[in-house]
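Remember, it's a predicted structure, so these values are computed and weren't measured experimentally.
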Amino acid sequence: MAARSFDLVVIGAGPGGYVAAIRAAQLGKSVAIVERENLGGICLNWGCIPTKALLRSAEVFHLMHRAKEFGLTAEKIGFDLDAVVKRSRKVAGQLSGGIGHLMKKNKITVVMGEATLPAKGKVSVKTDKGTEELAAANIILATGARARELPGLEADGDLVWTYRHALQPKRMPKKLLVIGSGAIGIEFASFFNTLGADVTVVEVMERILPVEDAEISAFAQKQFEKQGMTIMTKAMVKKLDRAKGKVTAHIERRGKVETHEFDTVISAVGIVANTEGLGLEKLGAKIDRSFVVTDDYCRTGVEGLYVIGDATNGPWLAHKASHEGVMVAELIAGGHPHAVDPASIAGCTYCHPQVASVGLTEAKAKEQGYAVKVGRFPFIGNGKAIALGEPEGMIKTIFDAKTGELLGAHMIGAEVTELIQGYVIGRTLETTEEDLMNTVFPHPTLSEMMHESVLDAYGRALHF
């Protein structure tokens, strides 16, 4: 059977892949998309969306316990873990189904199966009905990533889980060990801790949430410990001894090995790109620790082959992948898009309290030689935060003392994952401190703290 020809074939239907396909179709290109598992990829089905649905249930549960603070009565508060998970899966399913509708609407051919790249411009797809051959001058690889597993700490789905097992837990953990304190680890630690699990987090680095500003990390640790979590930093899980219904973890800290028993372990120690077995090396693509090396426009150096999202350079975030997808589609269509700037991409962690940031940390800014002005504003000084019953938090802004450029913004507290976009827009527009100071922020809102933090950097804070 002759290969079906398209202007573009996209491999992987996660946020980056399906957005690339849609934008290319809008620009008049004939497009096919190949997916081996679920439309929407990991994000919609096993990542961003279902975890936020779980965390929303935990947030409501937490607020129910605080009913008395708000003059309300709530009795016999409890939860049904199966129902919580069922709601999460329903939300994921609804959005995944919507992707199928978008593919039809934009006349994009969907091929379900496992893809390989036998030659330049060729895609071979192993489907339920056999092998289908596709041809295209342009191919976008958007195959995403999966959980990294360390030797001896491999998941078994029973006692030791990855994020996929944690999204559909067979039981409510009583004593939980979370290995790794990045976004994935902390979000699950926060979820299960809120529902009543005894949670211990082990992080090999000197602080939790290690990519965040040091002040934010320290604030987060205090809040998590106040909520009952045990945090062990500069520690490493060396071995897991598994027995019926329990795991004994051997944890090295300060040169000594301690043993602790848990009934459940979640391993969240990073990701590995899904790039093996595709034939990339044979085509001449360079791979570094599973990730395909690309330039600022996601080009691999192999003519017509692009790689976006979690299969290439970080940060490994769905919104970064989506914008890369649009950028590459426009490049293929002959446009002149701007390259995606990793330094202006916000990172968000949906624990309680939430954490969000964009740009340089204070330490990174100083390392790069900037003279900085730093502003801070606490949630306790904001009327809306107090009215919400959320007085714990902080907003921190970092400016170039010479030019007024906004170098970075870092937040912890209620709804900061929504607030951060204001600073992202500011960085994209090359906003200075003067622009932000002269902007009128509505009252009463949490966003007023963004204004106050800027004012504080220049000794002009009004409300604290």
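Using a cutoff of 4.0 Å between basic side-chain nitrogens and carboxylate oxygens, Glu261 and Lys246 are scored as salt-bridged. Taking a cutoff of 4.0 Å between a charged side-chain nitrogen and a carboxylate oxygen, Lys222 and Glu225 do not qualify as a salt bridge. No salt bridge links Glu433 with Lys373; every basic N to acidic carboxylate O contact stays at or beyond 4.0 Å. The pair Arg253-Glu258 counts as a salt bridge, with a side-chain nitrogen and a carboxylate oxygen less than 4.0 angstrom apart. Under a 4.0 Å N-O distance rule, the pair Lys396/Glu362 qualifies as a salt bridge. For Asp198 and Lys174, the salt-bridge test fails: no basic side-chain N is under 4.0 Å from an acidic carboxylate O.
Val340 approaches Met327 most closely through the heavy-atom pair N-SD, 3.6 Å. Considering every non-hydrogen atom in both Glu452 and Phe377, the closest pair reads CB-CD1, 3.3 Å. In this structure, Ile308 and Gly17 approach most closely via the heavy-atom pair CD1-N, 4.0 Å.
A donor-acceptor contact closer than 3.5 angstrom is absent between the side chains of Arg207 and Ser181. Remark: the Asp213 side chain and the Ser357 side chain contain no N/O donor-acceptor pair separated by less than 3.5 Å. Judged by distance alone, the side chains of Thr403 and Asp400 do bring a donor and an acceptor atom under 3.5 Å apart.
Residues meeting the salt bridge (charged side-chain N to carboxylate O under 4.0 Å, His left out) test with Glu37, sequence neighbours left out: Arg164.
If you take OG1 on Thr143 and CG on Asp310, they are separated by 9.0 Å, rounding to the nearest 0.5 Å. How far CG of Leu209 is from CZ of Phe219: 13.0 Å, rounded to the nearest 0.5 Å.
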- Message: Could you go through Thr417 and Gln354, starting from their C-alpha distance and side-chain angles, then the distance that decides it, and tell me whether this counts as side chain to side chain donor-acceptor pair (under 3.5 Å)?
- Response: CA-CA 7 Å; Thr417 57; Gln354 294 180 6; 2.7 Å; yes
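For the ring-ring contact (aromatic ring centres under 6.0 Å, His included) test with Phe79, the passing option among Phe192, Phe191, Phe61 is Phe61; the others fail.
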